[in-house]
Amino acid sequence: MEPDPVLKGRQISNSGDYSMARNKPTPKDAFVMFNVIYEDGTQTSNRKVPGSELGGLEGDAPAQAIIEEQDRKIEEQSGRPRGPIKSIARVSTR
């Protein structure tokens, strides 16, 4: 039996009546995604950098330092070293 289309997206409360389910608001620019190319030719995609760290006079320049710090943490946990970053490029959202 398919759900009633009128009730779609609604939840039943403890009292038995239907109410609209609320979605938590998600900030659209919480993170900016970057593709990273390393000097050895390897690439990682969609690396997250906090959007609050970017912009201003430096633009995307702080992203490389943040990604390098992420790489150091990954290296510590995995034991596999990452090479130097050759370039980074912001992932277009559309």
Side-chain angles (χ1 to χ4, degrees):
M1 179 176 202
E2 289 195 36
D4 185 354
V6 174
L7 302 178
K8 186 176 182 181
R10 296 182 182 208
Q11 296 178 340
I12 300 175
S13 68
N14 290 339
S15 63
D17 61 343
Y18 288 92
S19 63
M20 291 296 295
R22 289 191 173 191
N23 293 331
K24 292 183 181 178
T26 55
K28 296 282 184 205
D29 11 30
F31 289 99
V32 177
M33 308 296 260
F34 286 88
N35 290 333
V36 181
I37 298 176
Y38 295 91
E39 288 184 2
D40 64 359
T42 59
Q43 177 179 342
T44 59
S45 300
N46 298 328
R47 296 289 297 271
K48 291 182 179 179
V49 174
S52 61
E53 301 292 325
L54 304 176
L57 297 175
E58 299 88 23
D60 288 346
Q64 184 163 342
I66 293 168
I67 291 171
E68 287 171 346
E69 179 60 30
Q70 292 173 354
D71 283 348
R72 281 191 284 280
K73 289 179 183 178
I74 292 168
E75 180 180 342
E76 288 174 11
Q77 293 176 353
S78 70
R80 295 182 184 172
R82 270 287 192 196
I85 293 175
K86 181 178 180 180
S87 66
I88 63 170
R90 187 185 282 240
V91 175
S92 64
T93 57
R94 206 156 192 326

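Just the heavy atoms: all of them, side chains too, but no hydrogens, waters or symmetry mates, feed the values below.
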E69: what forms a salt bridge (Lys or Arg N to Asp or Glu O under 4.0 Å) with it, not counting sequence neighbours? R72
I need the full list of salt bridge (Lys or Arg N to Asp or Glu O under 4.0 Å) pairs touching residues 74-87, with sequence neighbours left out, sorted by first then second residue. none
Sequence neighbours left out, what passes side-chain hydrogen bond (donor to acceptor under 3.5 Å, both in side chains) with E53? Give chain and number order. none
Test side chain to side chain contact (heavy atoms under 4.5 Å, CB included) applied to N35 - qualifying residues, sequence neighbours left out: Q43, S45, N46, V91
Output yes when a side-chain donor or acceptor of T42 lies under 3.5 Å from a complementary backbone atom of Y38, and no otherwise. no
Salt bridge (Lys or Arg N to Asp or Glu O under 4.0 Å) filter on R47, not counting sequence neighbours, yields D71
Could you check whether any side-chain heavy atom of Q70 comes within less than 4.5 Å of a side-chain heavy atom of I67, counting everything from C-beta outward? yes
How many angstroms lie between OG in S87 and CD in E39, if you round to the nearest 0.5 Å? 9.5 Å
P50 to I66 - nearest heavy-atom pair and separation: CD-CG2, 4.3 Å
Taking all heavy atoms of V32 and all of G51, pick out the closest pair and write down the distance. CG2-CA, 3.9 Å
